[in-house]
There are 2 protein chains.
Amino acid sequence: MTVLESAPVKVRTCAGRVTHPRPTGQDRYTISEVAAHTGLSAHTLRWYERIGLMPHVDRTHTGQRRFSNRDLDWLELVGKLRLTGMPVADMVRYAELVREGEHTFSEREALLTAHRENVRERIAELQDTLHVLDFKIEIYAGARRSAERA
Amino acid sequence: MTVLESAPVKVRTCAGRVTHPRPTGQDRYTISEVAAHTGLSAHTLRWYERIGLMPHVDRTHTGQRRFSNRDLDWLELVGKLRLTGMPVADMVRYAELVREGEHTFSEREALLTAHRENVRERIAELQDTLHVLDFKIEIYAGARRSAERA
DNA sequence: TATTGACTTGGAGTGCACTCCAAGCAAGCC
DNA sequence: GGCTTGCTTGGAGTGCACTCCAAGTCAATA
């Protein structure tokens, strides 16, 4: 805890996951602060950088990583894409396009549009399964109710 | 192709996946027919049985598997649970409960109810990501439109 | 000065869900 | 009989996404 001075208050998101708030007015976070904030392990953060999924994190004069708010923004997007099951290789490709500059806008748009279609299909599949689960659960619940009545 | 005599007509589901129709009036399918029908490989079907995710498939006198319509029903459910990311170990647990008989109804209900909650959370996460994707795509599309106007 | 603790690296290890392999058997066809 | 095709088995291999390890550096504290 070198930069983040306040106590690490935990926050519960609407989806039930626990996360740490981003300290305001700071722009240089240690790897363990970022790990606490994002829920990713320090190992994973180093690995993301090694494979090119992070846009090269700034260092102190002794070589320690100092993540910026921009890095946290990027990790937030990566986290969302990861939750939707986008393969790491595709996210690395997107990161490359971002590094290459504005002339890759249309390719980025195509990549995200294809992924959006993917996500929509996944939602439809999940909702389909939800009906099956409702049906099965109702059978078991019905059996339980008639057992309780007996 | 020993049992399924009709040509393997392909069917497109609402989610866009391609599958094979279940031949009517049959109740003994070879492993390759089941593979074609479910989209799983024959390897995976054997593996499912080995780890206890299939309720022991019937055999011919020479030891070849012959899947029943009941087996196909089971594989359909397994497929749905798999699509929702349920770990294989959990599915095996559910299969064990089914084999144990009706006294496991309440445990099965609890297992499926917990999973349903899980699926609902996943849908919410995906929809959240969808908004982020819409936002990003709109930025790229906007840039493209103003470039085209220029 | 010595120790503690957080950090660094490249490379090796882990867990999951398949996926494949080698060797062999049975049936159908020329 | 010989060939092909489809199936059988246990066990080994694969790809993904981490996850951990050993050996070392540096800054702060006892």
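Values below: all heavy atoms of this structure, side chains included; hydrogens, waters and symmetry mates excluded. So you know, we letter chains A, B, ... as the sequences are listed, proteins then strands, and number each from 1.
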Colleague: Measuring from the side chain of A/H43 (C-beta onward, heavy atoms only), which nucleotide among C/dC7, D/dC7, D/dT19 has the closest atom?
Modeller: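 Looking only at side-chain atoms, A/H43 lies closest to D/dT19.
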Colleague: Which ones in residues 49-65 of chain A lie close to DNA chain C, meaning a heavy atom under 4.0 Å from one of its atoms?
Modeller: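 Within residues 49-65 of chain A, the residues near DNA chain C are A/R50, A/R59, A/G63, A/Q64, A/R65.
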Colleague: Choosing from D/dC7, C/dA17, C/dA6, which nucleotide comes nearest the side chain of A/S32?
Modeller: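 Closest nucleotide among those given: C/dA6.
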Colleague: Provide, to the nearest angstrom, the distance between the CZ atom belonging to B/F67 and the P atom belonging to D/dC7.
Modeller: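 Interatomic distance, CZ of B/F67 to P of D/dC7: 10 Å.
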Colleague: To the nearest Å, how far apart are A/L45 CG and D/dA17 P?
Modeller: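 To the nearest whole Å, that distance equals 16 Å.
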Colleague: Listed by chain and number, what are the side chain to side chain contact (heavy atoms under 4.5 Å, CB included) partners of A/D90, not counting sequence neighbours?
Modeller: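 Only A/M86, A/P87 meet the side chain to side chain contact (heavy atoms under 4.5 Å, CB included) criterion with A/D90.
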Colleague: Taking CZ from A/R82 and C1' from D/dA17, how many angstroms apart are they, rounded to a whole number?
Modeller: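 Interatomic distance, CZ of A/R82 to C1' of D/dA17: 9 Å.
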Colleague: Go through it in stages, so that I can follow the logic: the residues are A/R93 and A/E107, the test is salt bridge (charged side-chain N to carboxylate O under 4.0 Å, His left out), and I'd like the CA-CA distance, side-chain angles, deciding distance and then a yes or no.
Modeller: CA-CA 10 Å; A/R93 176 72 189 134; A/E107 198 174 337; 2.7 Å; yes
Colleague: Could you check which of D/dT19, C/dC21, C/dC18 has an atom nearest any side-chain atom of B/T44?
Modeller: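 Between D/dT19, C/dC21, C/dC18, the one nearest the side chain of B/T44 would be C/dC18.
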Colleague: Grab the two heavy atoms, one from A/G52 and one from A/A95, that are nearest each other, plus how far apart they are.
Modeller: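 Where A/G52 meets A/A95 most closely, the heavy atoms are O-CB, 3.6 Å.
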Colleague: Do any side-chain atoms of residues 131-143 of chain A form donor-acceptor pairs under 3.5 angstrom with protein atoms, and if so which ones, sequence neighbours left out?
Modeller:
residue : atom : partner : partner atom : Å
A/D134  : OD1  : B/R116  : NH1          : 2.7
A/E138  : OE2  : A/R145  : NH2          : 2.7
A/Y140  : OH   : B/Y94   : OH           : 2.8
A/Y140  : OH   : B/R108  : NH1          : 3.0

Colleague: Rounded to the nearest angstrom, tell me the gap between atom CH2 in B/W47 and atom P in C/dC21.
Modeller: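 It is 18 Å, rounded to the nearest whole Å.
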Colleague: Among C/dA17, D/dA17, C/dC20, which is the nearest nucleotide to the side chain of B/V88?
Modeller: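 Minimum distance to the B/V88 side chain belongs to C/dA17.
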Colleague: With sequence neighbours excluded, tell me which residues meet side chain to side chain donor-acceptor pair (under 3.5 Å) with A/T113.
Modeller: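 Partners of A/T113 under the side chain to side chain donor-acceptor pair (under 3.5 Å) test: none.
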Colleague: Side-chain N or O of A/T30 less than 4.0 angstrom from OP1 or OP2 on C/dC7?
Modeller: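 Looking at the OP1 and OP2 atoms of C/dC7, one of them is under 4.0 Å from a side-chain N or O of A/T30.
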Colleague: With sequence neighbours left out, write down each residue that passes side chain to side chain contact (heavy atoms under 4.5 Å, CB included) with B/E117, or none if nothing qualifies.
Modeller: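 Scan of B/E117 (side chain to side chain contact (heavy atoms under 4.5 Å, CB included), adjacent residues dropped) gives B/R120.
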Colleague: Rounding to a whole Å, what distance do you find between A/R46:CZ and D/dT25:C1'?
Modeller: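 In whole Å, D/dT25 C1' and A/R46 CZ are 13 Å from each other.
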Colleague: Rounded off to whole Å, could you give me the CE-to-C1' distance for the B/M86 and C/dC16 pair?
Modeller: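 Computing the B/M86:CE to C/dC16:C1' distance gives 16 Å.
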Colleague: Of all residues at least two apart in sequence or in a different chain, which pass the side chain to side chain contact (heavy atoms under 4.5 Å, CB included) check with A/S68?
Modeller: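 In terms of side chain to side chain contact (heavy atoms under 4.5 Å, CB included), with neighbours along the sequence ignored, A/S68 is linked to A/D27, A/R70, A/D71.
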Colleague: To the nearest Å, give me how far apart CZ (B/R66) and C1' (D/dT8) are.
Modeller: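 One finds 12 Å between C1' of D/dT8 and CZ of B/R66, rounded.
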Colleague: May I ask you to verify if any side-chain N or O of A/Y48 is less than 4.0 angstrom from the OP1 or OP2 atom of D/dA17?
Modeller: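 For D/dA17, OP1/OP2 do not have a side-chain N/O of A/Y48 under 4.0 Å.
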